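Have a look at the structure below before the remarks.
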2 protein chains.
Amino acid sequence: MPTGDDRGGIARLFFSAQFRWCVGIMQKTVKLKDVAEAAGVSLSTASRALSGQASRYRISTETERLVLAAADRLSFRPSQVAQSFRSQQTRLLGVVLPDVSNPFFASIAREVTTHAEDNGYSVLLADSRESTEIEQKLILQLRAREIEGLVISPVGLKKEHLEKLHDEKMPVVLVDRGFPSSPLVTVTSAHREAAKQATDLLVANGHRHIGVLQGLPGTFPNDQRLAGIREALEEAGLSLSAGMVQGDQFSESSGYRATRRLIESQPELTALFALSNQIGLGALRAITELGKKVPDEISILTFDDHPYSEFLVCPMTTVKQNVKELGQLAAKLITEEMMTGKRTDRKIHQVPVRIIERASIRNLARSH
Amino acid sequence: MPTGDDRGGIARLFFSAQFRWCVGIMQKTVKLKDVAEAAGVSLSTASRALSGQASRYRISTETERLVLAAADRLSFRPSQVAQSFRSQQTRLLGVVLPDVSNPFFASIAREVTTHAEDNGYSVLLADSRESTEIEQKLILQLRAREIEGLVISPVGLKKEHLEKLHDEKMPVVLVDRGFPSSPLVTVTSAHREAAKQATDLLVANGHRHIGVLQGLPGTFPNDQRLAGIREALEEAGLSLSAGMVQGDQFSESSGYRATRRLIESQPELTALFALSNQIGLGALRAITELGKKVPDEISILTFDDHPYSEFLVCPMTTVKQNVKELGQLAAKLITEEMMTGKRTDRKIHQVPVRIIERASIRNLARSH
DNA sequence: TCTTTGTGCACAATCGATTGTGCAATGAGG
DNA sequence: CCTCATTGCACAATCGATTGTGCACAAAGA
């Protein structure tokens, strides 16, 4: 019974395990095979015509036209998955950030994403939520997806999983948080110099007792900034006592707690240096709660500029990282390495930083 | 000469076209075949043991153990590309936003990304740069990559390309910017009600001449907010003259220009309503430049709250969208639809909005 | 007329993992 | 001793696009 057989065939098509996903998505995607049949040629000819290899493989102009027309008519779009599978090239770039909602990282995401798009790469975004463990898991997933490159702002406490990628010849670019003496390509601000200059500014304004609201200790940016601060203080014949450094995360709540602790325990304190935008926000909240006036009762200086910085009760003096440049440079480096396959020779790329002087630092010398 | 032959073979391996990508990436990835060989079983047995199908296919416990051990020893990670190709399931979620660096969209990106990660999906991020044309191109690319769902904040002027996806049974969730009377699932704030309440507040404070700094006209949030404002004014026996609505984009520069235009052309103006965070920023800049004091000389109210809002020269009264909820709801809806394959019945999901009263609105009644 | 050169295209293998089916070997029942 | 069921695994097809190779046919030269 041919009818019975036919129905069996259709039933298998619809309900066999491998086609189950089809149910409810019943649009048939146009495959190369369909184009080839419509044009009356073989798969190989269709493929070559579509990939512009016509002349190289002696496809006649007439046949080429036929194929192109058929593809256009059927609005054929080759499956990237199949292409990736066959060519072993995914044109996929992984981007891992500790917190995409932080404007700093969001800007980096934007620059890298748009640059990648313009170069024919797609971006797989992942958020590590400031956890090294999640970061490692995410990287494993991204590797399974066969990304061709990775831009990452690592949590910054471990680097083995990253250097392993590097050893396996995966293009990797670190942004913001790097590691000292690592072979990994890193794009970062001149943290140390910036912190030194900023501290110089505080000192020049007569400040001798400066409280530092630090981020995650052990991370490169945090420790570099601390080093810059120490350097400036030492040059001025001062030093940074242990109690003057508080905080343990690049977060608002850490900044808040650290500020309260400093103000309440250090009576001589005249200035605060917050080592990130989020920390600065926490500091602002604490200062407001304690009823202190900026800059009359306490001066404040923060890392990372912000559009609102100049409109604050007391316009904030900030260390402005060039986030756009940071992101663009990272994007440029990773796409170049992915496209050429050649490694960059320079490992550390420092982009300069600008200090935006506004009104949150009081001049102690003048007022005496 | 066997040596010669051998070298020929190696040369082919290295330089034949399809292996060219290999040069410089020379690590051999562990394939299922390697595991099978190491365990001394066939490909199929290895596959079934690894996918937990052992009992279903009567693989002996001993054999299963052998395979698992071999896979572990070789640290085998199956190629997602090959799996996707075979299963026709990519477990890929597309996310398209007009500007990832805008904190509002960045927050949405974060919520969706983390939720997707937790459910085994990976996120393909794309930035449409507020251009419908780019948006369409990006969607085409994402489709070619066979995403299984799409979360998008569309530019909002065209919807055909989105409804086409919907017609083809692709799960799509719109965030923030929706379209009136569209079958597309949309997660959005209660723009109209929020704008009405906010305007009520202005009116209650005695304001009769309110300038509106609008975003992109024609987009759902913009027009809904305008409608809410009109409704409130009409209830109060007032109306919104054409000249009192300025601006043409959700950007800082548009807000800046619109503010200058309003202040310079409308002498009776007592309050400004900025329809987004970026617009509000532009307004602040213009007001500062013109030397006006908030709220004494001009009152201001903006859509979108911001961590810095309360620390501004004049703490800003804002309409706070619940961005986190917006993102989480979108994430939940899209993953549910992708995983169950069933469409949500509710099309419009409105999340409530809160008005945060601070100090940027002057009470005209009281001061007279 | 037979060979040679060149043109135009089709056939089949391949990428890595999954899965329906088939085939031995072993044991149980008649 | 023969049949039949059960266990344990291997073979081969498949997903969609790419690419090396080979085979016709036609024109040109001997």
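Below, chains carry the letters A, B, ... as their sequence lines are ordered, and counting in each starts from 1. Basis for what follows: all heavy atoms, side chains included, without hydrogens, waters or symmetry-related copies. This one's a predicted model, so the numbers in the text were calculated from it and none came from an experiment.
Comparing B/Ser44 and B/Ala82 by the nucleotide of DNA chain D whose heavy atom lies nearest to each, the residue mapping closer to the 5' end is B/Ser44. If B/Pro78 and A/Ser42 are placed on DNA chain C by their nearest nucleotide, the residue sitting closer to the 5' end is A/Ser42. Each of A/Tyr57 and A/Val30 has a nearest nucleotide on DNA chain D; the 5'-most of these lies closest to A/Val30.
Taking atom NZ of A/Lys33 as the reference point, atom C1' of C/dC11 lies 15 Å away to the nearest angstrom. Rounded to whole Å, the distance from CD on B/Glu37 to P on D/dC9 is 18 Å. Protein atom CD of A/Gln53 is 12 Å distant from nucleotide atom C1' of D/dG20, rounded to whole Å. A straight line from CZ of A/Arg58 to C1' of D/dT21 spans 11 Å, rounded to a whole angstrom. The separation between B/Leu43 atom CG and D/dC11 atom P is 9 Å, rounded to whole Å. Rounded to an integer number of Å, the gap from CD of A/Gln80 to C1' of D/dC15 is 16 Å. Separating the CD atom of B/Gln89 from the P atom of C/dA17 is a distance of 17 Å, rounded to the nearest angstrom. Taking atom CG of residue A/Asp34 and atom P of nucleotide D/dC15, one finds them 12 Å apart after rounding to whole Å.
Residue A/Ser60 places at least one side-chain N or O closer than 4.0 Å to OP1 or OP2 of C/dC9. Considering only side-chain N and O atoms, B/Ser79 lies nowhere under 4.0 angstrom from the phosphate OP1 or OP2 of C/dG16. Phosphate proximity of D/dC9 to B/Thr63: present, with a side-chain N or O under 4.0 Å from OP1 or OP2. In terms of phosphate contacts, B/Gln83 brings a side-chain nitrogen or oxygen within less than 4.0 Å of OP1 or OP2 of C/dT18.
Between B/Glu130 and B/Arg177 there is a salt bridge, with a side-chain nitrogen of the basic residue lying less than 4.0 Å from a carboxylate oxygen of the acidic one. At a threshold of 4.0 Å, the pair A/Glu148-A/Arg91 does not count as salt-bridged, since none of the basic side-chain nitrogens sits closer than that to a carboxylate oxygen. We find that B/Lys158 and B/Glu135 are not joined by a salt bridge, their nearest charged nitrogen and carboxylate oxygen being 4.0 Å or further apart.
At most 12 heavy atoms of other shown residues, nucleotides or ligands fall within 6.0 angstrom of atom NZ in B/Lys164.
Across all strands, B/Val41 comes closer than 4.0 Å only to sugar-phosphate atoms, never to a base (heavy-atom distances). Residue B/Ser47 is in base contact, counting any heavy-atom pair closer than 4.0 Å across all strands shown. If you check every strand for non-hydrogen atoms under 4.0 Å, A/Ile59 touches sugar and phosphate atoms only. In this structure, B/Ser51 reaches neither bases nor backbone, as no heavy-atom distance under 4.0 Å exists between it and the strands shown.
Axis angle, first five pairs versus last five pairs of the helix from C/dT1-D/dA30 to C/dG30-D/dC1: 80°, rounded to 10°.
For A/Arg56 against D/dG20, no side-chain N or O and base N or O form a donor-acceptor pair under 3.5 Å. Counting distance only, with no hydrogens placed and no angle test, the side-chain atoms of B/Arg77 and the base atoms of C/dG16 include no donor-acceptor pair under 3.5 Å.
Of the candidate nucleotides C/dT18, D/dG20, C/dC9, C/dC9 has the atom nearest to the side chain of A/Thr45. For A/Gln88, the side-chain atoms get nearest to C/dC15 when compared with the rest of D/dC11, C/dT18, C/dC15. Each of D/dA13, D/dA17, D/dT21 was ranked by its minimum atom distance to the side chain of B/Arg86; first place goes to D/dA13.
You'll find the side chain of B/Leu162 reaches within 4.5 Å of the side chain of B/Ile139, heavy atoms only. Considering only heavy atoms from C-beta on, A/Arg129 comes within 4.5 Å of B/Glu117 through its side chain.
For the atom pair CD of B/Glu64 and CG of B/Leu66, the computed distance is 10.5 Å after rounding to the nearest 0.5 Å.
When only modelled atom types and interatomic distance are considered, B/Thr344 and B/Glu336 share no side-chain donor-acceptor pair under 3.5 Å.
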Side-chain donor-acceptor pairs of residues 43-52 of chain A under 3.5 Å, sequence neighbours excluded:
{"unit_1": "A/Ser44", "atom_1": "OG", "unit_2": "A/Ser42", "atom_2": "OG", "d": "3.0"}
{"unit_1": "A/Thr45", "atom_1": "OG1", "unit_2": "A/Ser42", "atom_2": "OG", "d": "3.2"}
{"unit_1": "A/Ser51", "atom_1": "OG", "unit_2": "A/Ser47", "atom_2": "O", "d": "3.0"}
{"unit_1": "A/Ser51", "atom_1": "OG", "unit_2": "A/Arg48", "atom_2": "O", "d": "3.4"}

